[in-house]
Amino acid sequence: MPTRVAQIRFPMRWSQTFIPTMKEVPAEAEVPSHQLMLRAGLIRQLMAGAYTYLPLGYRSVRKVSEIVREEMDRAGAIELFMPALQPIEIFERTGRKEAFGNVLFNFEVKRGDRKLHFALGPTHEEVITDLMARHISSYRQMPITLYQIQTKFRNEERPRFGVLRTSEFIMKDAYSFGTSLQQLNEAYDAMYKAYCRIFERCGLRYLPVEAESGPIGGDASHEFMVPASNGEDFVVHCPACGYGANQERADTGRSSAIPPKVENAAAPVQVATPNAGSIDQVSKMLKADATSFVKTLIYKADGKAVAILLRGDHTANEGKIRRATKATTVELADEETIKKVTGAPVGFAGPIGIQCPYLVDHDVAAIKSAIIGANAKDAHITGVIPGTHFEITETFDLRNAESGDACPKCKAKLEIVHGIEVGHVFKLGTKYSVSMDAKFVDAQEQSHPIIMGCYGIGVTRVVASIVETCHDENGIIWPINVAPYTVQLIPLNVTDPEVMKVANRIYDELNAVGIDVLIDDRDQRPGFKFKDADLIGIPLRITVGGKGLAEGITEVKWRTESESRRISIGDTVGFVKDLIAEKRMV
RNA sequence: CGGGAUGUAGCUCAGCUUGGCUAGAGCGCUACGUUCGGGACGUAGAGGUCGCAGGUUCAAAUCCUGUCAUCCCGACCA
């Protein structure tokens, strides 16, 4: 692991900087990272989804950015900087004006007698592909990976959780360009490894998980998730073998089993379920558990109606349905289609007598006696035996993985944890190079579209994730590499010339050896300063007080420790330097 | 975009149900004094178009209508 982190060279005295700490928790903040970032004076809100990074918060942003830069450079990526302001036309070329919809900030401005239509970049595939289309013509110019650290704009329908989900945020985005799948895989692996190093250096616990891979399939996409109870994403994780996937993607280790036909089975019974069209309502009415229901969802796969049968307590997974139906698009059917294939209003669909093909999830086949919709208004059918009363020739994995499902790799039980997505690597293939006309000629003078990958890290989200996961009841506990300062120096009595003399000397010496230090030179009582120190969470604290001076010592402690170590004044800087070197080695 | 909640001092909140004195408290801020090793104390102060607009009324922070903003849940999320 690297031991170097860039130092930000503006040493600071608290009295001369701007760190507005707060004792009380602002009412608008719900999650720990939001509360602590406000209280510790890292951020202030301008409006929903837009925050100012105050000096302390911005230092952490810069530290994370610098780690990202170093690892991108090490991985051979080249930094550039693209405009946030973009013409709407490039999004029309790739069809993403529609795909982004409301998420894309776009607006018209007047220039003379013309009207120009702009967008604020939510990401930069279009810009970089356009750039490379103009400048790459030969296979000899590849492979190459370019990256930038830039502000992105996405009109979030609902910004939330402070800085975790905002309409404007800093992101590192990288794009690889290659001539072959092999070059793409190499670039992807390099980025994947760089991401692991980045998150490790940031002191984050993270899980790389398989994500929905789109057109290329296979292991074409991974997300890097930080496990956190307030995370918005669900991660399926196997504690036994380490398998990880997001919930959209996660396979289940279930297998297909066609139930045998039951001879002389009792006939199913139709029961009236007036105005009860949801599993919840019907299960209450019939006093039956949701697990004994078959949920019949009507989808349109490439425009054709298909019914999906799931156990009542399960949720559909559209990616899996898309693969099982071999369609390119699937969406829930409209009311009209449902009426057409079931002959009933929404809420009463069932496999018996339905006027479209149906696909059966593995778990449906295992229900002994099921309740299904009757394909008639206000009616359900009970005592239905799957495979006997309706035909099953094959079963599929059609639903989201659940906690307790078998792991697809090792069959151990899967866990579901909440996570914050901090990074994403994706094999794009030729999607953008085709629509943006980015081609190259190979050695045989044959023309091909460039093969691309894209790789993002939410820099500001990384900072928030760190705060979200690294804190105690007193405040933030910064990992050393991303802390706004490495050392906080507290002279207890700033009116005591001896104390200040020693403190200032240590301050100067720390600066001289390149250690970030914040000196709390405010004329405040000791308890006040200690509380603030714990709140802003600088990893190392050096206390210089009258009592210690009388014995010739300072007190040094990690933010995580409760007891400080007594170090003789002359040895303090050397001791702290060694502590830091040791910590960064780990 | 559906559902819920909240807007009163820099921050946390009371007051509103039942309209009526000069709109309050704690923290923070200013000055002075006493303090000074885990968010001190005293005294004196500064600070508010009660989110905004309209309405009802002799009278509105309080009642009504509209509107804006923020937060939470859901839908959405390359």
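No experiment lies behind these values; they were computed from the predicted model shown. Per chain, numbering begins at 1; letters A, B, ... match sequence-line order.
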Between A/Glu232 and A/Arg160, is a side chain to side chain contact (heavy atoms under 4.5 Å, CB included) present by the stated rule, with each step listed? CA-CA 10 Å; A/Glu232 293 183 88; A/Arg160 67 185 116 174; 3.3 Å; yes

Ring pair (Phe, Tyr, Trp, His ring centres under 6.0 Å), that's the test. Do A/Tyr175 and A/His124 meet it? Break it down for me. CA-CA 9 Å; A/Tyr175 306 91; A/His124 282 71; 7.5 Å; no

Should A/Gln524 and A/Asp532 be marked as a side chain to side chain contact (heavy atoms under 4.5 Å, CB included) after you check the CA-CA gap, both sets of side-chain angles, and the distance that decides it? CA-CA 11 Å; A/Gln524 290 287 358; A/Asp532 260 355; over 6 Å; no

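A/Tyr195 has its ring centre no less than 6.0 Å from the ring centre of A/His424.
Residue A/Gly456 is out of contact with every strand shown, counting any heavy-atom pair closer than 4.0 Å. If you check every strand for non-hydrogen atoms under 4.0 Å, A/Pro26 touches sugar and phosphate atoms only. Across all strands shown, A/Glu28 has heavy atoms under 4.0 Å from sugar-phosphate atoms exclusively, and none from any base. Residue A/Asn102 is classed as having no contact, given no heavy-atom separation below 4.0 Å to the nucleic acid. If you check every strand for non-hydrogen atoms under 4.0 Å, A/Arg541 touches a base. Nucleic acid contact for A/Ala99: none, since no nucleic acid atom lies under 4.0 Å from a heavy atom of the residue. Counting any heavy atom pair closer than 4.0 Å across all strands shown, A/Phe91 reaches no nucleic acid atom. Using a 4.0 Å heavy-atom criterion, one finds that A/Gly101 contacts no nucleic acid atom at all.
No hydrogens or angles considered: a donor-acceptor pair under 3.5 Å links the side chains of A/Tyr455 and A/Ser176. Side-chain polar atoms of A/Arg93 and A/Tyr432 form no donor-acceptor pair below 3.5 angstrom. For A/Glu468 and A/His34, the side-chain atoms include no donor-acceptor pair closer than 3.5 Å. Judged purely by distance below 3.5 Å, without hydrogens or angles, the side chains of A/Asn474 and A/Lys531 never pair a donor atom with an acceptor atom. For the residue pair A/Ser167 and A/Glu156, no side-chain donor N or O sits within less than 3.5 Å of a side-chain acceptor on the partner.
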Writing each nucleotide of RNA chain B 5' to 3' as (, ), [, ], | or . by Watson-Crick or G-U pairing under 3.5 Å yields (((((((..((((......[...)))).((((((.....)))))).....(((((..]....))))))))))))....

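Aromatic ring pairs are classed by plane angle as parallel below 30°, tilted from 30° to 60° and perpendicular above 60°; the pair A/His222 and A/Tyr188 is tilted. The aromatic rings of A/Phe224 and A/Phe199 sit tilted, their planes meeting at an angle between 30° and 60°.
Taking atom P in both B/A14 and B/A25, one finds a spacing of 16 Å when rounded to whole Å. Taking atom P on both nucleotides, B/G3 is separated from B/U56 by 30 Å, rounded to a whole Å. One P atom belongs to B/U12, the other to B/C72, and the distance between them is 14 Å to the nearest Å. Comparing B/G24 with B/C50, their P atoms sit 14 Å apart, to the nearest whole Å. Taking the P atoms as reference points, B/U70 lies 49 Å from B/U34, given to the whole Å. Separating the P atom of B/G10 from that of B/C52 is a span of 13 Å, rounded to the nearest Å. Comparing B/U17 with B/G54, their C1' atoms sit 24 Å apart, to the nearest whole Å. Nucleotides B/G7 and B/C16 place their C1' atoms 13 Å apart, quoted to the nearest Å.
To the nearest angstrom, C1' of B/G39 lies 15 Å from CG of A/Asp523. Rounded to an integer number of Å, the gap from A/Asp534 CG to B/G37 C1' is 14 Å. One atom, CG of A/Asp532, and another, C1' of B/G37, lie 16 Å apart when rounded to the nearest Å. A/Arg39 places its CZ atom 14 Å from the P atom of B/G39, with the value rounded to the nearest Å. Across the protein-nucleic acid pair, A/Glu30 atom CD and B/G74 atom P stand 12 Å apart, rounded to whole Å. In this structure, the NZ atom of A/Lys531 is 14 Å from the C1' atom of B/A40, given to the nearest Å. Atom CD of A/Glu331 is separated from atom C1' of B/C76 by 15 Å (rounded to the nearest Å). Taking atom CD on A/Gln488 and atom P on B/G38, their separation rounds to 16 Å, with Å as the unit.
Distances from the side chain of A/Ala27 to the nucleotides B/C73, B/C13, B/C71 place B/C13 closest. Picking from B/C76, B/G37, B/U70 the nucleotide with the shortest atom distance to the side chain of A/Phe530 gives B/G37. The A/Pro526 side chain lies nearest to B/G37 when the options are B/G37, B/G39, B/C11. The side chain of A/Arg525 approaches B/C36 more closely than any other nucleotide in the set B/U12, B/C36, B/G38. Candidate nucleotides B/G38, B/U70, B/G37 were compared by shortest atom distance to the side chain of A/Gln45, and B/U70 ranks first. Taking the side chain of A/Met22 as heavy atoms from C-beta on, and the options B/C72, B/A75, B/C11, the nearest nucleotide is B/C11.
The 12-atom threshold is not exceeded at CD of A/Glu336, counting heavy atoms of other residues, nucleotides or ligands nearer than 6.0 Å. Atom CD of A/Gln16 is surrounded by more than 12 heavy atoms from other residues, nucleotides or ligands within 6.0 Å.
Contact of A/Asn493 with B/G37 (side chain to base): no donor-acceptor pair of N or O atoms is detected under 3.5 Å. Checked by distance alone, A/Arg160 brings no side-chain donor or acceptor within 3.5 Å of a matching partner on the base of B/G74.
Along RNA chain B, the nucleotide nearest A/Gly162 and the nucleotide nearest A/Val25 are compared for position; the residue whose nucleotide lies closer to the 5' end is A/Val25. Nearest-nucleotide mapping onto RNA chain B: of A/Glu156 and A/Thr21, the residue sitting toward the 5' end is A/Thr21.
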For nucleotides 2-7 of chain B, give me one character per nucleotide, 5' to 3': B if any protein heavy atom sits under 4.0 Å from the base, S if the only such contacts are to the sugar-phosphate, - if neither. ------

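Paired with A/Lys152 under the rule side-chain hydrogen bond (donor to acceptor under 3.5 Å, both in side chains), one option of A/Thr460, A/Thr123, A/Asp173 passes, and it is A/Asp173. Tested against A/Ile43 for a side-chain contact (heavy atoms from CB on, under 4.5 Å), the candidates A/Leu36, A/Leu38, A/Val463 yield a single pass: A/Leu38.
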Is there any protein nitrogen or oxygen under 3.5 Å from a nitrogen or oxygen in nucleotides 27-31 of chain B, and what are the pairs?
none

